[in-house]
> 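Below you will find the structure I want to go over with you.
The structure displayed is predicted, hence computed values, not measured ones.
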Amino acid sequence: MSNCAIILEKRLFGQWLHFAAGDGRYNNIILSQVDSVIATDIDKGALEKLQKTTPQELVSKLKLQVQNITKPFPFKNNVFDGLFNTGTLH
């Protein structure tokens with residue numbers, strides 16, 4: 001089963017962290033189901049590409065954050081309803 005199929009069959013909700021989002025291959029699928037997504041990556045250029053490929057109706061639900069995953073999270077309470085990552089944490 002593909003990652004897209006798995007995401008679509010689950011009932012997602014709330015605020016999600018898309019960790020090491022890159023150019024956002026799965027980001028729009030997640031955004032279409034949840035209240036908001038914080039997409040993080042160390043590569044600012046990849047996040048800019050992600051933003052450009054986000055449909056206008058979903059942009060208000062997206063926040064971008066340049067983040068080095070070897071450093072502490074810069075988020076106030078570090079609480080999310082879900083975390084999505086494909087292969088960076090192994």
Side-chain angles (χ1 to χ4, degrees):
M1 184 177 283
S2 74
N3 288 336
C4 292
I6 292 168
I7 295 167
L8 289 170
E9 79 172 10
K10 302 296 180 189
R11 185 181 170 321
L12 308 181
F13 60 89
Q15 180 173 306
W16 277 61
L17 177 64
H18 188 173
F19 209 56
D23 64 4
R25 182 173 302 152
Y26 304 103
N27 205 64
N28 291 337
I29 298 168
I30 298 167
L31 269 174
S32 69
Q33 297 184 56
V34 301
D35 297 328
S36 63
V37 171
I38 299 175
T40 68
D41 202 278
I42 196 168
D43 183 350
K44 183 179 179 181
L47 291 174
E48 289 170 350
K49 181 177 178 184
L50 183 157
Q51 186 167 27
K52 288 178 185 175
T53 61
T54 300
Q56 195 62 36
E57 64 271 13
L58 298 177
V59 169
S60 66
K61 296 168 52 170
L62 175 64
K63 179 180 177 191
L64 304 176
Q65 175 75 42
V66 175
Q67 170 70 29
N68 181 337
I69 64 172
T70 66
K71 307 292 183 197
F73 280 11
F75 308 111
K76 186 175 180 177
N77 62 9
N78 292 328
V79 175
F80 297 92
D81 296 301
L83 182 141
F84 184 78
N85 174 262
T86 56
T88 300
L89 303 174
H90 50 84

> Is Lys63 close to Ser36 at the side-chain level, that is, under 4.5 Å between some pair of heavy atoms?
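No; the side chains remain at least 4.5 Å from each other.
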> Phe75: what forms a side-chain contact (heavy atoms from CB on, under 4.5 Å) with it, not counting sequence neighbours?
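Per chain and number, Phe75 pairs via side-chain contact (heavy atoms from CB on, under 4.5 Å) with Leu17, Ile38, Thr40, Gln65, Phe73, Asn78, Phe80.
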> Quick one: pull up NZ in Lys61 and CG in Asn27 and give me the separation to the nearest 0.5 Å.
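Reported value, rounded in 0.5 Å steps: 10.5 Å.
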> If every non-hydrogen atom of Asn85 is compared with every non-hydrogen atom of Ala20, which pair is closest and at what distance?
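The pair with the smallest heavy-atom distance is ND2-CB, 3.8 Å.
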> Distance from Leu12 atom CG to Phe84 atom CZ, nearest 0.5 Å?
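Between Leu12 CG and Phe84 CZ, I get 9.5 Å after rounding to 0.5 Å.
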> Could you pull out all donor-acceptor pairs under 3.5 Å where a side-chain atom in residues 44-55 meets a protein atom, sequence neighbours excluded?
residue	atom	partner	partner atom	Å
Thr53	OG1	Lys49	O	3.3
Thr53	OG1	Leu50	O	3.0
Thr54	OG1	Leu50	O	2.8

> Could you measure the distance from the CG atom of Asp81 to the CD atom of Gln15? Nearest 0.5 Å is fine.
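The CG atom of Asp81 sits 7.0 Å away from the CD atom of Gln15.
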> Taking a hydrophobic cluster as the set of Ile, Leu, Val, Met, Phe, Trp and Tyr residues connected by side-chain heavy atoms closer than 4.5 Å, whether directly or through intermediates, do Ile42 and Tyr26 fall within one such cluster?
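No, Ile42 does not connect to Tyr26 through the hydrophobic network.
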> Exactly one of Asp35, Ile30, Ile29 should register a side-chain contact (heavy atoms from CB on, under 4.5 Å) with Gln33. Which one does?
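Among Asp35, Ile30, Ile29, the one that satisfies the side-chain contact (heavy atoms from CB on, under 4.5 Å) with Gln33 is Ile29.
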> Any heavy-atom pair between the side chains of Arg11 and Phe13 that's under 4.5 Å?
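Yes. Closest side-chain heavy atoms under 4.5 Å.
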> For Ala39 and Leu62, work out which heavy atoms get closest and say how close.
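That closest heavy-atom pairing would be CB-CD1, 4.0 Å.
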